[in-house]
Amino acid sequence: APLSLSFCSNNNPYASFGATLARDEEQNLWSTPHDVTHTEADDDRVLYNMIVVRNQLDKDSEEWQKLNYDIYTLRQTRKEVRSRWKHILEDLGFQKEADSLLSVTKLSIISDSQNMSKARDILLKLSEETNIFPTSWELSERYLFVVDRLIALDAADEFFQMASAAYPKRPGGDRGDEGPRAPRA
């Protein structure tokens, strides 16, 4: 009997990931077509399964249109987050290395297991104290690898300071890139 994996969740209809589904490495799971740097992380599985479900629907249906919009929105959000990280990396002086620092594949490893808890702490701090991630963003394992690389380069603290300055947390969860607001009377 064929082995089947099931990661079913009652909360999310797209959370199941069957081993029988063919995995297309050319599928756009991260930001651009033909980008094979994605990992098989939870957020990639969700997106992949949204694509699978959408492709089984009639293109004229309301469900197809809604899923297509959700897929587009998720991809645009990921592009925006990646662009924010790249901007800060370039400002830190990693112009040539920014893309490779952000590239996470199934072959990526954590450089030092002792850095794992520090990387998690910094990622959590970035999420809670800056707007580098949108309000609705669930922490992605992908950025744990990036923070680990920054720790190895002794640039993690400086990255956090620059992220705080570039994407400050605003009261009420406002996005940091909306520009200054008039003070309230």
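Positions are given from 1 along the sequence.
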(message) Looking at every non-hydrogen atom in both residues, tell me the closest pair between P134 and T77 and how far apart they are.
(response) CG-CG2, 3.6 Å

(request) Go through the steps to decide whether I132 and F159 satisfy the test side-chain contact (heavy atoms from CB on, under 4.5 Å), and finish with yes or no. (result) CA-CA 11 Å; I132 196 165; F159 183 93; 3.9 Å; yes

(request) Go through R75 and L47 one step at a time and tell me if the side-chain contact (heavy atoms from CB on, under 4.5 Å) criterion holds. (result) CA-CA 9 Å; R75 286 176 170 159; L47 179 56; 4.3 Å; yes

(request) Any chance you could measure R149, atom CZ, to N115, atom CG, to the nearest 0.5 Å? (result) 13.0 Å

(request) Please examine the side chains of I88 and F94, heavy atoms only from C-beta on, and report whether any two atoms are closer than 4.5 Å. (result) no

(request) Mind listing the closest non-hydrogen atom pair of I122 and A156 along with its distance? (result) CD1-CB, 3.7 Å

(request) Return yes if some donor-acceptor pair links the side-chain N/O of R84 with the main-chain N/O of N131 below 3.5 Å, else return no. (result) yes

(message) Could you report the tightest heavy-atom contact between E90 and A98, atom names first, then the distance?
(response) CG-CB, 4.1 Å

(request) Identify the two heavy atoms, one from L126 and one from W85, that lie closest to each other, and give their separation to 0.1 Å. (result) CD1-CH2, 3.7 Å

(request) Output yes when D44 and R142 qualify as a salt bridge under the 4.0 Å nitrogen-oxygen rule, no when they do not. (result) yes

(request) Nearest 0.5 Å please: distance from the CD atom of Q56 over to the CD1 atom of I51. (result) 12.5 Å

(request) Kindly give the heavy-atom pair with the smallest separation between G93 and E97, and that separation in Å. (result) O-OE1, 4.1 Å

(message) Is it the case that the side chain of T73 and the backbone of Y69 share a donor-acceptor pair, with hydrogens and angles ignored and the cut-off at 3.5 Å?
(response) yes

(message) Let me confirm one number: the CZ-CD distance from R54 to E63, rounded to the nearest 0.5 Å.
(response) 14.0 Å

(message) Check this for me: does any side-chain nitrogen of one of E62 and K66 sit under 4.0 Å from a carboxylate oxygen of the other?
(response) no

(request) Would you give the length of the straight line joining atom CG of L123 to atom CD of E141, rounded to the nearest 0.5 angstrom? (result) 10.5 Å

(request) Determine the minimum heavy-atom distance between H87 and Y167, stating which atoms define it. (result) CD2-OH, 4.0 Å

(message) Quick check for you: to the nearest 0.5 Å, what is the distance between L67 atom CG and I71 atom CD1?
(response) 5.5 Å

(request) Keeping the roles fixed (side chain from N49, backbone from R45), state whether a donor-acceptor pair exists under 3.5 Å. (result) yes

(request) For D58, look at atom CG and say whether over 12 heavy atoms of other residues, nucleotides or ligands are found less than 6.0 Å away. (result) yes

(request) Indicate yes or no: at least one non-hydrogen side-chain atom of M116 is less than 4.5 angstrom from one of L144. (result) yes

(request) Measure the CG-CD distance between L92 and Q95 for me, rounded to the nearest 0.5 Å. (result) 9.5 Å

(message) Below 30° counts as parallel, above 60° as perpendicular, anything between as tilted: where do the rings of F133 and Y143 land?
(response) perpendicular

(message) Assess whether a salt bridge exists between D99 and R82, defined as any Lys/Arg side-chain N lying under 4.0 Å from an Asp/Glu carboxylate O.
(response) yes

(request) Mind running side-chain contact (heavy atoms from CB on, under 4.5 Å) on L153 and L101 for me, showing each step along the way? (result) CA-CA 11 Å; L153 293 166; L101 284 170; 3.8 Å; yes

(message) Do F160 and T130 make a side-chain contact, defined as non-hydrogen atoms from C-beta onward lying under 4.5 Å apart?
(response) yes

(message) For M50, run the side-chain contact (heavy atoms from CB on, under 4.5 Å) check against V46, V53, V52 and tell me which one passes.
(response) V46

